[in-house]
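Everything numeric here is computed off the predicted structure, so don't read it as measured data.
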Amino acid sequence: MKSNCIKIIALFLVTGLFTNCSSQKSVTKNKSVTNYIDAISIESLRTNLTKIASDEMEGRQTGSEGQKKAGRYIIDFYKSHGIAFPKGASDYYQHIPAAYLNAKYNEDLPDSENIWAFIEGSEKPDEIVVISAHYDHVGIKKGEIYNGADDDGSGTVAIMEMAAAFQKAKNEGHGPKRSILILHVTGEEHGLHGSRYYSEKPLFPIANTVADVNIDMIGRRDDFHKDSNNYVYVIGSDYLSSDLYTICESVNKDFIHLNLDYKYNDKQDPNRFYYRSDHYNFAKNGIPSVFLFNGTHADYHKASDEVSKIEFDALTKRTQYGFAIAWEIANRKDKLVVDKEDGR
């Protein structure tokens, strides 16, 4: 009896030791994630959006000099943070000819370009997590500059900040296991042209693309949330992958604590938001995708969509949420399972 008791006590102590070590490992991992979530800066978001959505950029019409100037600002940001363009590319641009941009609707658009930046994965560099946002807007109409601070200046600066957080993690020895492709797409306002072009002429094989986290308008609140900006609409997370849905739910619960609103997640919703932003060109090719969105407001596609109306606390928290989703996708052991119906 005494011998058995000693064995039981010893087993209990060893089990407790392993449990404690496992717990410490989990806490350490969580602390690491939290450090980089916290690295996303409201000050940097404000500084970059004030520039991106300024009159100087002339409304960032697709292919215009104003959009190209915004693109140069974005690239300078990446250079200043030591974030490279992707391997296999010659620079930060994916050039798109005017003939492609005008093939559907013949809007007389000039040549334009997607902009990409890249953080190479440490363990599975050939598996790619795309983080996307469109950086164009609608330009100048009747002499008024449409600065598009929310649409999609907010998404543009969000993915810049997410890239900087991933690069900081890499510099400190905690880089993502999978590679991160930051993709600023052009032509969204004219028919999702830039993301469609990338999906048809990808730098990395579509088969190696694990997911797309797409950010389009996350700096304001809509009429359904007048009393609080502590929410975000989550669209498409469960369409192709139960893993992606679970990640979106779990990282929010663990780290961010937004109210996740699935109002527009129904494919039959008359607003058809699922089909109206750049994630769709990934999802229709079987890539698990999630679209983060704050809903429309009175300034949507108006000259009054200005930086002065951005709620930077909400923009920061939603950016942190997008980062946490991408972090988990990039660092989990297995690729996201694709176990749902077609993403179209």
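- Between V33 and N35, the closest side-chain pair of non-hydrogen atoms is not below 4.5 Å.
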Going through the distances and angles, do Y274 and Y280 end up as a ring-ring contact (aromatic ring centres under 6.0 Å, His included)?
-> CA-CA 7 Å; Y274 173 70; Y280 180 66; 5.7 Å; yes

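- Proximity of a side-chain donor or acceptor of Y231 to a complementary backbone N or O of N294 within less than 3.5 Å is detected.
- A heavy-atom distance below 4.5 Å is found between the side chains of Y198 and F282.
- Note on L240 and V234: separate hydrophobic clusters, where clusters join Ile, Leu, Val, Met, Phe, Trp and Tyr whose side-chain heavy atoms are under 4.5 Å apart, directly or indirectly.
- Taking 4.0 Å as the cut-off between side-chain N and carboxylate O, D243 and R332 count as a salt-bridged pair.
- Within the model, atoms OG of S154 and CG of N48 stand 13.0 Å from one another, a figure rounded to the nearest 0.5 Å.
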side-chain contact (heavy atoms from CB on, under 4.5 Å) evaluation trace for I40 with F323 | CA-CA 9 Å; I40 290 170; F323 174 80; 3.5 Å; yes

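- For residues 124-145, the set of pairs meeting the salt bridge (Lys or Arg N to Asp or Glu O under 4.0 Å) definition, not counting sequence neighbours, comprises E127-R178.
- Among all heavy-atom pairs drawn from V185 and N114, the shortest one is CA-OD1, 3.2 Å.
- Among residue pairs with one or both ends in residues 33-48, none qualify as salt bridge (Lys or Arg N to Asp or Glu O under 4.0 Å); sequence neighbours excluded.
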Evaluation steps, side chain to side chain donor-acceptor pair (under 3.5 Å), between E161 and S44 | CA-CA 8 Å; E161 199 67 13; S44 182; 2.8 Å; yes

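- Looking at Q61, its side chain does come within 3.5 Å of a backbone N or O of V138 through a donor-acceptor pair.
- Within the structure, salt bridge (Lys or Arg N to Asp or Glu O under 4.0 Å) pairs that include any residue of residues 302-321 comprise R221-E311, D299-K309 (at least two apart or interchain).
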Begin from the C-alpha positions of Q94 and E113 and carry the test side-chain contact (heavy atoms from CB on, under 4.5 Å) through to its verdict.
-> CA-CA 5 Å; Q94 183 183 34; E113 47 279 321; 5.9 Å; no

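- Between S289 and H279, the closest heavy-atom pair is OG-O, 3.7 Å.
- Remark: S132 OG to D278 CG distance equals 6.0 Å, nearest 0.5 Å.
- Between T296 and M217, the closest heavy-atom pair is CA-CE, 4.4 Å.
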Could you give me the CA-CA distance, side-chain angles and deciding distance for H301 and D151, then say whether side chain to side chain donor-acceptor pair (under 3.5 Å) is met?
-> CA-CA 8 Å; H301 273 209; D151 184 17; 3.0 Å; yes

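- Within 6.0 Å of CG in D339 there are more than 12 heavy atoms belonging to other residues, nucleotides or ligands.
- In this structure, the side chain of D111 does not engage the main chain of P97 through any donor-acceptor pair within 3.5 Å.
- Side-chain contact between L45 and T47: absent, with no pair of heavy atoms (C-beta onward) separated by less than 4.5 Å.
- Residues D238 and Y262 bring no donor and acceptor atom of their side chains to less than 3.5 Å of each other.
- Residues L315 and V157 meet the side-chain proximity criterion, which asks for heavy atoms closer than 4.5 Å.
- The backbone N or O of S237 sits nowhere less than 3.5 Å from a side-chain atom of S241 that would complete a donor-acceptor pair.
- When atom types are taken as modelled, the side chain of N102 and the backbone of E107 share a donor-acceptor pair closer than 3.5 angstrom.
- Contact detail for S199 and N281: the closest heavy-atom pair is CB-O, 3.5 Å.
- Smallest separation of non-hydrogen atoms from S277 and L192: O-CD1, 3.6 Å.
- In this structure, CD in Q67 is found 10.5 Å from NE2 in H134, a value given to the nearest 0.5 Å.
- Side-chain atoms of D223 and H297 form no donor-acceptor pair, as typed in the model, at a separation below 3.5 Å.
- Note: T319 OG1 to Y321 OH = 13.0 Å, rounded to the nearest 0.5 Å.
- Side-chain heavy atoms closer than 4.5 Å link hydrophobic residues (I, L, V, M, F, W, Y) into clusters, and following such links, possibly through other members, connects I37 to I159.
- Taking 4.5 Å as the limit, some side-chain heavy atom of Y36 sits within range of a side-chain heavy atom of E172.
- Using a 4.5 Å heavy-atom cutoff, the side chains of E188 and D152 are not in contact.
- Annotation: side chain of K69 is not in contact with side chain of K51 (no heavy-atom distance under 4.5 Å).
- Under a 4.5 Å side-chain heavy-atom criterion applied to ILVMFWY residues, the cluster that includes Y197 comprises I96, Y100, L101, L109 as well.
- Hydrophobic side-chain contacts under 4.5 Å tie I140 into a cluster, directly or through other members, with I145.
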Full working for side-chain contact (heavy atoms from CB on, under 4.5 Å) between W327 and F166 | CA-CA 8 Å; W327 176 281; F166 273 114; 3.8 Å; yes

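- Here the closest heavy-atom approach between residue I218 and residue A158 is recorded as CD1-CB, 3.8 Å.
- The one candidate from Y78, F77, F85 that meets the ring-ring contact (aromatic ring centres under 6.0 Å, His included) condition with H184 is Y78.
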Residue pair F118, F204: steps toward the side-chain contact (heavy atoms from CB on, under 4.5 Å) verdict = CA-CA 12 Å; F118 191 66; F204 303 101; 3.6 Å; yes

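- Contact check for M162 versus Q320: no side-chain heavy atoms found under the 4.5 Å cut-off.
- Cluster membership for F312 and I215, using ILVMFWY side-chain heavy atoms within less than 4.5 angstrom, is shared.
- With respect to the salt-bridge test (charged N to carboxylate O, under 4.0 angstrom), the residues E189 and R60 do not qualify.
- Going from atom CG of N331 over to atom NE2 of H174 covers 11.0 Å, rounded to the nearest 0.5 Å.
- Salt bridge absent: E249 and K253 never bring a charged side-chain N and a carboxylate O closer than 4.0 Å.
- Counting only residues at least two apart or on different chains, the salt bridge (Lys or Arg N to Asp or Glu O under 4.0 Å) pairs with a member in residues 259-276 are K267-E341.
- With rounding to the nearest 0.5 Å, the separation of CD1 in I115 from NZ in K68 is 9.0 Å.
- Residue V337 is not grouped with residue I329 when hydrophobic side chains (ILVMFWY) are merged at heavy-atom distances under 4.5 angstrom, including chains of intermediate members.
- Residue V338 is not grouped with residue I287 when hydrophobic side chains (ILVMFWY) are merged at heavy-atom distances under 4.5 angstrom, including chains of intermediate members.
- Counting only distance, with no hydrogens or angles, the side chain of S179 and the backbone of G121 share a donor-acceptor pair below 3.5 Å.
- Side-chain atoms of D91 come within 3.5 Å of backbone N or O of Y93 as a donor-acceptor pair.
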